[in-house]
Amino acid sequence: MTTERRARALIVTESYWGNTAAVAEAVADGLRKAGTDTTVVAAADAPPVIGADITLVLIGAPTHNMSLPNPASRRIAASRGVDADHTGVQEWIGQLRVDGTPALYAFDTHTSRFSGSAARAIIKLLRRRRISAEIGERFLVAGEPPALLDGELQRAARWADQLT
C-alpha cells in the first residue's frame, strides 16, 4: 500500500496596505482548491527553516524605494499610518535555511514597471545564500493609499493554477 503525500506550500509575505497579503491569500485559495495544503504567514512570524516536506515556497513583498522594504522605508510607511514596526522578508531571508528542494518563487506589488522590484531583490538575497529561486508574478497597485488594480486578484488566482 502506498500513501500519496499531499503537496505542501508556504507563502511568506510582508504587507503594509494589505495588497501583498491579498495577493498571497488569492494564490493560497487557488492552491488549496487544487489540493495543496497551503499556509500563509507574515515574514516576521515565518519559520527560519523550510522543512523537506514543503514542496512550494512563495515569498512576496511590496516594492519600496525600488527594492525590498528595509528599516528606513518601514519608518516612512509608519509615518503614513501603517503598522510597520516589525521585521520583514529581508531579515527573514537573512536567517533562512532550506532543507529539501522546494520550488521557490518571489512575487511583489509595485506601482509601475519603472518602480524597481522587491521580487528581484528577494531573488538576489536568496542567491547570495545559495538558495535557488525564480521570479514569479508582479502585481500592480496605484493610488493613495495604494490599492491593487482591478483584475490583479484574478491574475493571482490564475498564477496559482500554473503553480499546481
Side-chain angles (χ1 to χ4, degrees), residues 9-32 38-50 54 56-98 102 104-160 163:
L10 176 67
I11 304 175
V12 177
T13 66
E14 183 170 0
S15 188
Y16 298 115
W17 297 101
N19 297 309
T20 308
V23 167
E25 289 299 336
V27 173
D29 288 346
L31 292 171
R32 289 179 189 122
T38 305
T39 302
V40 179
V41 64
D45 302 318
V49 177
I50 303 298
I54 303 292
L56 175 65
V57 178
L58 305 177
I59 306 168
T63 301
H64 280 200
N65 296 327
M66 301 187 75
S67 190
L68 270 172
N70 58 48
S73 69
R74 289 186 195 109
R75 282 191 296 279
I76 293 167
S79 74
R80 294 175 61 201
V82 217
D83 176 19
D85 294 338
H86 52 78
T87 61
V89 165
Q90 185 175 45
E91 294 82 1
W92 176 71
I93 290 172
Q95 46 118 29
L96 178 63
R97 190 179 92 224
V98 178
L104 273 91
Y105 294 93
F107 69 95
D108 66 24
T109 52
H110 62 106
T111 58
S112 78
R113 67 185 181 123
F114 301 111
S115 66
S117 172
R120 285 190 196 103
I122 290 167
I123 297 298
K124 185 185 259 186
L125 286 174
L126 289 168
R127 288 186 179 154
R128 282 186 193 151
R129 297 188 51 82
R130 293 178 170 45
I131 300 170
S132 179
E134 297 179 37
I135 291 183
E137 294 293 321
R138 304 189 66 222
F139 300 91
L140 283 167
V141 297
E144 191 60 41
L148 286 163
L149 296 183
D150 288 342
E152 290 298 85
L153 291 178
Q154 293 80 4
R155 201 161 65 77
R158 288 192 303 274
W159 183 40
L163 294 168

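What you are looking at is a predicted structure, and each value in this text was computed from that prediction instead of being measured.
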Determine which pairs satisfy salt bridge (charged side-chain N to carboxylate O under 4.0 Å, His left out) with at least one residue from residues 141-151, sequence neighbours left out, and list them in order.
Arg80-Glu144

Closest non-hydrogen atom pair between [X] and [Y], with its separation:
X	Y	value
Gly136	Trp159	CA-CZ2, 3.5 Å
Val89	Gly60	CG2-O, 3.7 Å
Ser73	Leu68	OG-O, 4.4 Å
Ala118	Ala61	CB-O, 3.7 Å
Pro69	Pro62	CD-O, 3.2 Å

Quick check for you: to the nearest 0.5 Å, what is the distance between [X] atom [atom1] and [Y] atom [atom2]?
X	Y	atom1	atom2	value
Asn70	Thr87	CG	OG1	12.5 Å
Leu56	Leu104	CG	CG	8.0 Å
Arg129	Ile93	CZ	CD1	9.0 Å
Tyr16	Asp83	OH	CG	9.0 Å
Ser115	Arg138	OG	CZ	6.0 Å
Thr39	Arg32	OG1	CZ	7.0 Å

Is any side-chain heavy atom of [X] less than 4.5 Å from a side-chain heavy atom of [Y]?
X	Y	value
Tyr105	Ile122	no
Val82	Trp17	yes
Leu163	Leu58	yes
Ile59	Leu126	yes
Lys124	Ser117	no

So, [X] side chain and [Y] main chain: donor-acceptor pair closer than 3.5 Å or not?
X	Y	value
Glu25	Ala22	no
Trp92	Pro47	yes
Arg127	Ala133	yes

Pick one: which of Thr63, Thr13, Thr20, Asn19 meets side chain to side chain donor-acceptor pair (under 3.5 Å) with Thr109?
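Among Thr63, Thr13, Thr20, Asn19, the one meeting side chain to side chain donor-acceptor pair (under 3.5 Å) with Thr109 is Thr20.
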
Consider side chain to side chain donor-acceptor pair (under 3.5 Å). Of His86, His64, Glu14, which one does Arg74 pass it with?
Glu14

Among Leu96, Ile11, Ile50, whose side chain to side chain contact (heavy atoms under 4.5 Å, CB included) with Val57 holds?
Ile50

Sequence neighbours left out, what passes side-chain contact (heavy atoms from CB on, under 4.5 Å) with Arg130? Give chain and number order.
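For Arg130, no residue satisfies side-chain contact (heavy atoms from CB on, under 4.5 Å) once neighbours in sequence are set aside.
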
Quick one: list whatever passes side-chain contact (heavy atoms from CB on, under 4.5 Å) with Arg155, sequence neighbours left out.
Glu137, Phe139, Glu152, Arg158

Run His110 and Val141 through side chain to side chain contact (heavy atoms under 4.5 Å, CB included) and show every step you take.
CA-CA 6 Å; His110 62 106; Val141 297; 5.9 Å; no

